[in-house]
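Each residue takes its place number in the sequence, starting with 1. Keep in mind that this is a model prediction, so the values were computed, not measured.
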Amino acid sequence: MATYRWKSFNDDGDRPDKPRRYGVTEMRGPHYSIFSRGLLEDVFESMGQFVDGLKFCGGSHTLMPKTYIKEVTDMAHKYNVYVNSGDWADQMLRQGPSAFKEYIEECKQLGFDTIELDVASLGLPEDTLLRYVRLIKSDGLRAKPQFSVKFNKSDIAFTGNRAFGAYVIPPPQTSEMVEDVDLLVRRAERCLEAGADMIMINADDLGRQADFLRSDMIAKIVGRLGLEKTMFEASDPKISEWFVKCYGPKVNLFVDHSQVMDLECLRGRNLGQDHSSLLGRSYFLL
């Protein structure tokens, strides 16, 4: 007699229970489409054990009533899911340090657990960036700088011969962007030393398709920073599959809510390229 049941990953030794320090899945929240409380709760009820974090992208929460945001963060905490503010802090930083301090306090009141800093768009001196990381940590929240592998050419340090201690005039900002993974790693290491909890890596510069991923850069980032301290954006399911195949179930990934179950299939049993989502079917047992 044939029976049907849902697949279980409870016996998988590579996937620890929440809260997890590795194998973290962060889910994209309201941004590209409207997310109702009901839909969020359905996701948490059906897949909450696989979701570690919820990220508000692109400052989407600034368009929502504060009462709604608090309800969403409370719901997430009910399922042991942390809430990431996303990169909207960039807009507050341009108003000065006092505005950013107020933003941190507002994030705490609304129930956010993590504040993300998009380093590429901030354009801050490194010392200032580290000061903001420490400020976030001093208020009891998690700091998560987001790095890109492309930098403005003027950000690359001068390496020519000069007298010891001589002042070098900073070069003007240009429109030319250059790749420098070593600079990314050095700045990320300093942020971790300042107390940052995790480093987010922008996937745009590493390739939006699995066939064009810069595996050499990814290997250097993981080798220097470690899997536990890095999270990669996986904008396409094939990219998620590539990361799990190359680095195992312990890799931290940021995905769309529609990819959560498929990603867990890869983490739990590595079903390969022909796997299909368990949201659409049960699996057959004899």
Side-chain angles (χ1 to χ4, degrees), residues 21 24 26 53 55-59 61-62 69 73 82-159 165-174 177-178 180-202 204-205 221 224-226 228-233 252 254:
R21 294 181 296 104
V24 174
E26 188 172 294
K55 177 180 176 179
F56 283 75
C57 298
H61 59 285
T62 62
I69 297 173
T73 57
Y82 69 82
V83 187
N84 182 355
S85 69
D87 53 11
W88 187 73
D90 307 349
Q91 304 298 322
M92 297 299 299
L93 283 173
R94 294 188 176 93
Q95 301 178 30
S98 60
F100 184 60
K101 178 67 175 178
E102 294 172 2
Y103 175 66
I104 294 176
E105 291 300 322
E106 186 176 25
C107 284
K108 290 177 65 176
Q109 294 173 7
L110 294 176
F112 288 101
D113 307 284
T114 300
I115 292 182
E116 188 168 295
L117 300 171
D118 189 343
V119 178
S121 64
L122 288 176
L124 294 173
E126 187 172 298
D127 290 343
T128 304
L129 173 63
L130 298 180
R131 187 165 65 249
Y132 284 132
V133 169
R134 297 187 186 100
L135 186 61
I136 294 171
K137 294 296 296 181
S138 67
D139 278 313
L141 298 180
R142 301 173 187 169
K144 189 177 184 183
Q146 175 177 327
F147 283 90
S148 171
V149 77
K150 288 184 179 179
F151 296 87
N152 192 291
K153 189 175 181 180
S154 61
D155 292 336
I156 308 301
F158 177 77
T159 58
Y167 176 73
V168 177
I169 300 175
Q173 288 284 307
T174 70
M177 304 298 289
V178 295
D180 194 332
V181 68
D182 291 316
L183 180 57
L184 181 157
V185 169
R186 288 196 300 272
R187 290 187 173 180
E189 287 175 333
R190 294 188 183 106
C191 285
L192 291 173
E193 292 172 358
D197 298 89
M198 187 175 288
I199 302 298
M200 181 74 180
I201 304 300
N202 190 339
D204 290 347
D205 298 333
I221 293 170
R224 292 277 296 277
L225 303 180
E228 186 177 323
K229 292 297 184 180
T230 52
M231 175 175 286
F232 294 93
E233 183 178 353
N252 304 317
F254 169 64

Grab the two heavy atoms, one from [X] and one from [Y], that are nearest each other, plus how far apart they are.
| X | Y | answer |
| --- | --- | --- |
| Asp197 | Leu141 | OD1-O, 4.5 Å |
| Gln146 | Glu116 | OE1-OE2, 2.6 Å |
| Tyr82 | Val24 | OH-CG1, 3.8 Å |
| Ile136 | Arg142 | CG2-O, 3.6 Å |

Distance from [X] atom [atom1] to [Y] atom [atom2], nearest 0.5 Å?
| X | Y | atom1 | atom2 | answer |
| --- | --- | --- | --- | --- |
| Asp118 | Lys144 | CG | NZ | 12.0 Å |
| Lys55 | Thr114 | NZ | OG1 | 10.5 Å |
| Leu110 | Phe56 | CG | CZ | 9.0 Å |
| Ile115 | Leu135 | CD1 | CG | 8.5 Å |

Quick one: list whatever passes side-chain contact (heavy atoms from CB on, under 4.5 Å) with [X], sequence neighbours left out.
| X | value |
| --- | --- |
| Arg186 | Asp182, Leu183, Arg190, Arg224 |
| Thr73 | Ile69, Lys70, His77, Val83 |
| Ala196 | Val133, Pro145, Cys191, Leu192 |
| Gln109 | none |

(message) Any heavy-atom pair between the side chains of Ile199 and Ile221 that's under 4.5 Å?
(response)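 Ile221 does not reach Ile199 side chain to side chain.
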
(request) Check whether any side-chain heavy atom of Asn202 sits under 4.5 Å from a side-chain heavy atom of Glu233, and report yes or no. (result)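 In contact.
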
(request) Can you sort out the partners of Asn252 under side chain to side chain donor-acceptor pair (under 3.5 Å), two or more places apart, ordered by chain and number? (result)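 For Asn252, no residue satisfies side chain to side chain donor-acceptor pair (under 3.5 Å) once neighbours in sequence are set aside.
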
(request) Apply side chain to side chain donor-acceptor pair (under 3.5 Å) to Lys108 and list each qualifying residue two or more places apart in sequence or on a separate chain. (result)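 Applying side chain to side chain donor-acceptor pair (under 3.5 Å) to Lys108 gives none.
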
(request) Measure from NZ or CZ of Arg187 to the centre of the six-membered ring of Phe147, then state whether that distance is under 6.0 Å and the direction lies within 45° of the axis. (result)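 Not flagged: Arg187 not positioned over aromatic ring of Phe147.
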
(request) List the steps, then state whether side chain to side chain contact (heavy atoms under 4.5 Å, CB included) holds for Val119 with Leu184. (result) CA-CA 10 Å; Val119 178; Leu184 181 157; over 6 Å; no

(request) Begin with the C-alpha distance, continue with both residues' side-chain angles, and end with the deciding distance and a verdict on side chain to side chain contact (heavy atoms under 4.5 Å, CB included) for Asp139 and Lys101. (result) CA-CA 9 Å; Asp139 278 313; Lys101 178 67 175 178; 2.9 Å; yes

(message) Under the criterion side chain to side chain contact (heavy atoms under 4.5 Å, CB included), I'd like the reasoning laid out for Cys107 against Ile104: C-alpha separation, chi angles, the key distance, then a yes or no.
(response) CA-CA 5 Å; Cys107 284; Ile104 294 176; 5.6 Å; no

